[in-house]
Amino acid sequence: MRFAQVIVDVSAYPVDRPFDYLIPEDWEELIDLGCRVKVPFGPRNVLGFVVGITSESEVPVEKVKPITEILDIESILTEEMLNLAKWLKHQTICYEIDALQVMLPGALRVKYEKYAVLNGEVSHLPTTLQPYYEKTAKVNLSQFEKANLLKPIKRAVKDGLIIIDNEVKQKGQVKQVRKVQIHSQEQLENVLQQMGKRAPKQVALVEWLMQHAGEILLPDDICEAVHITNSVLNSVIDKGAAAYIQEEVYRDPFTKNVEKTEFLQLTDEQDHALTKIIAAIDDQRQETFLLHGITGSGKTEVYLQAIQRTIADGKESIVLVPEISLTPQMTERFKSRFGDEVAVMHSGLSVGEKYDEWRKVQQGKVKVVVGARSAIFAPFKNLGLIILDEEHESTYKQEDSPRYHARDVAIWRGKYYNCPVILGSATPALESFARAKKGVYTLLTLAHRAKNQALPTVHIVDMREQLQAGNRSMFSEPLMEALQDRLNKKEQTVLFLNRRGYSSFVICRDCGTTVQCPNCDISLTYHRYQEKLKCHYCGHDEYIPETCPECQSENIRYFGTGTQKVEEEIYKLFPEARVLRMDVDTTKQKGAHEKMLDAFGRGEADILLGTQMIAKGLDFPNITLVGVLSADTSLHLPDYRAAEKTFQLMTQVSGRAGRHEKLGEVFVQTYTPDHYAIQLSKDQDYPPFYEREMHARHIAGYPPYYYIALVQVSHEDVMLAAEYAGRVAEYLRENLSFNVSVIGPTTASIARLQNRYRYQCLIKYKVEPQLIPVLLQLIKMYRSEWIKKGIVLTVDLDPTMI
DNA sequence: AGCACGCCGACT
DNA sequence: GTCGGCGTGCTC
């Protein structure tokens, strides 16, 4: 007797543990650790993951049920992944099932469908139900739900006329293509002899096929080559000249052919960094490197050569890039160096495409994965190197459960495989740099640009002076002059709109009312191309009111600096300029991003205007001017990382200019020109910024001096939300040691989201071994008592946003 | 979570 | 008498 320990697909506290199931004897060979199985759970069937196999079970025999079905013949999660899931569960306080699911592509998740299956004669059913069962004995329950017939169904179930069947359905499908397998020469000759002269097309086809005996071809290709239609091919196949076969294929999202590139000569700095990394690769030692290199210093070339070495050792590499910089330019560099050995995973792919990329990794068809956060779970079995580019990016932290940080997972996997992890950035996260200084990470510095170009000259423009001089436009005099100059010289400009938290909204000029979302405490954002107002948090949308909802004034206008508005202004100021606007609206379509960048690269526009998405990875020789329209907007966000984020953004954006022969110039427009984050980004001067910001963090008691954890409570009723948030704070204060500070409860930065009021408590601590146990106890209280009142409580250890 | 079971008030 | 409301408890 063999038993499988199964984690079932139910995200709930009381079932967050393995359940034992009997493995039917026939399947003992088939069921392995990490397989997905279908199991009966209570009255229904659910998906489960096999996390253990034993020969004994402590559960009384009569309770143990057998596994219903095997969903994967080969195991889909390695033992490493099962261990990683357990670690994630404890590290981020999540359900084990969520940790397991997050490691798999969406196509391997399942959906549950209920069917009402006829049990007996149709005529026994109530007349209302009979029409549904005229053609079939199995009807999807949702049909009855739509027709409001659930009650009669329920009764029919009770009377035994209908049985409810819970089905577990796989979402993803392996894509198959029908191909033609051409038979051998002799067989073809046989066929030819049987054919009369009255079928000249068939004869011609068989003669053509004889030249391709034994090959496997696409039916369309054959038809095209012989100038025939499918019907001719079909009759020849019927006569035994060939056969249709199904072949598994990968959906290939890459249509573009890339040329193979060669190694670049390394600078001394790059070479030194690479040597250290290679030493760790060769020694099979887990070491975390912080590769701090200014923009244009050639970090990517270091990555590429380190990967080359890893491949030479027969091992695999993972490269993580933030989603927004997963531009074609970046992925092309990897594709062009390593060709078919690279799989790419990002959100732009369809579920099926993602699944295929994942399978390439699973089946060992590729050696390198380039992808966004979730690619850290790429199912390699012999990892040799992990790289996080732009390691400071907040997109590496998943915002919902499991709230993992890709950096932590990377280091965990690095330890598992004894392989190095490279964290690369021009502007490292403060925590990372602090760890490098402490010696936890090995610091590698690239202080010079690879081709020895000068850094762009950065001008900081005081917008207050512009305002006093009577310039009310969003372009300052110096920026306008520089822009005109580039237009004359036929050089290109990148204009960056730091739009975070400052998008266009509708405001009443008379009473100052802004149009709010009915579900969230957030102003609605104006979307021009649909002429609608939208909430970015819950998706609510409505048409623009003609009069102010408060004072009925008709003087209601949209306000703020959206990209469209900037575009209009550019056309007013520089009618001859060709502008390419890149934002969520213009890049919505698949591949639009790529097309626009290509067009800009070919010089089809003079100005590239955009938001965050153009701040990274952009590398064109003709860009000599960068304009930052409003540097301050990210500086005033209610976030302790505001200064750090602004510094990072400014540095990234200015790095787009003058990366090749031509010298670059940057204009940063700001109302707070003296702020250190802006001043120090001028020379990409990270160390002084680090010192300065560390000082600020020390005083305010924020990371990296303190760790933080955030407990959030929400409820539809304000009073209840506040009451339970109060209980949370009280509980934490009572149970945590005195040198831990608990701040709150305070209202969350968005006080109401999707009609739920949100309160939060912030915990700051240095060392607190009791934290996790206390939080677990709190969660236990919540899950056993509070949850019934409709309270939702979430815990985020090391949150990126407060 | 999702579902059955069971207890209690309301209505044909 | 029966229907359906919701509180309780269990799932190998």
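Computed from a predicted model, the values in this text were never measured in an experiment. Each chain gets a letter, A, B and so on, in the order its sequence line appears, and its residues count up from 1.
For A:E69, the side chain to side chain donor-acceptor pair (under 3.5 Å) partners are A:K38, not counting sequence neighbours. A:D639 meets the salt bridge (Lys or Arg N to Asp or Glu O under 4.0 Å) test with A:K645; sequence neighbours excluded. Legend: residues meeting ring-ring contact (aromatic ring centres under 6.0 Å, His included) with A:Y707, ordered by chain and number and at least two apart, are A:Y765. A:E723 pairs by the side chain to side chain contact (heavy atoms under 4.5 Å, CB included) definition with A:L720, A:R727, not counting sequence neighbours. Partners of A:R36 under the salt bridge (Lys or Arg N to Asp or Glu O under 4.0 Å) rule, at least two apart in sequence or in another chain, are A:D72. In terms of the side chain to side chain donor-acceptor pair (under 3.5 Å) criterion, residue partners of A:E80 (sequence neighbours excluded) are, by chain and number, A:R413, A:Y417. Applying the ring-ring contact (aromatic ring centres under 6.0 Å, His included) rule to A:Y702 yields the partners A:Y640; only residues at least two apart in sequence or on another chain are considered.
Contacts between residues 19-50 of chain A and DNA chain B, defined by a heavy-atom separation below 4.0 Å, involve A:P43, A:R44, listed by number. Residues from residues 63-78 of chain A lying near DNA chain C, meaning a heavy-atom separation below 4.0 Å, are A:K63, A:V64, A:K65 in numerical order. Within a heavy-atom distance below 4.0 Å of DNA chain B, the residues of residues 1-11 of chain A found are A:V10, A:S11.
Not one N or O on the side chain of A:Y724 forms a donor-acceptor pair closer than 3.5 Å with the backbone of A:Y759. Checked by atom type and distance alone, the side chain of A:K397 pairs as donor or acceptor with a backbone atom of A:D798 at under 3.5 Å. Of the possible donor and acceptor atoms, none in the side chain of A:R403 sits under 3.5 Å from a partner among the backbone N and O of A:L797.
Protein chain A touches strand DNA chain B; the 5'-most and 3'-most nucleotides with an atom under 4.0 angstrom of its non-hydrogen atoms are B:dA1 to B:dC3.
No salt bridge links A:R407 with A:E431; every basic N to acidic carboxylate O contact stays at or beyond 4.0 Å. A:K354 and A:E357 are not joined by a salt bridge, as no carboxylate oxygen comes within less than 4.0 angstrom of a charged side-chain nitrogen.
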Tabulated below should be each protein N or O lying under 3.5 Å from an N or O of nucleotides 1-7 of chain C; please produce it.
none

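Side chains of A:N83 and A:Y416: no donor on one and acceptor on the other come within 3.5 Å.
Figure legend: A:R733 and A:Y731 shown without cation-pi pairing, the cationic atom not lying both under 6.0 angstrom from the six-membered ring centre and within 45 degrees of its axis. Judged by the 6.0 Å distance and 45° axis criteria, A:R44 is not positioned over the aromatic ring of A:F41.
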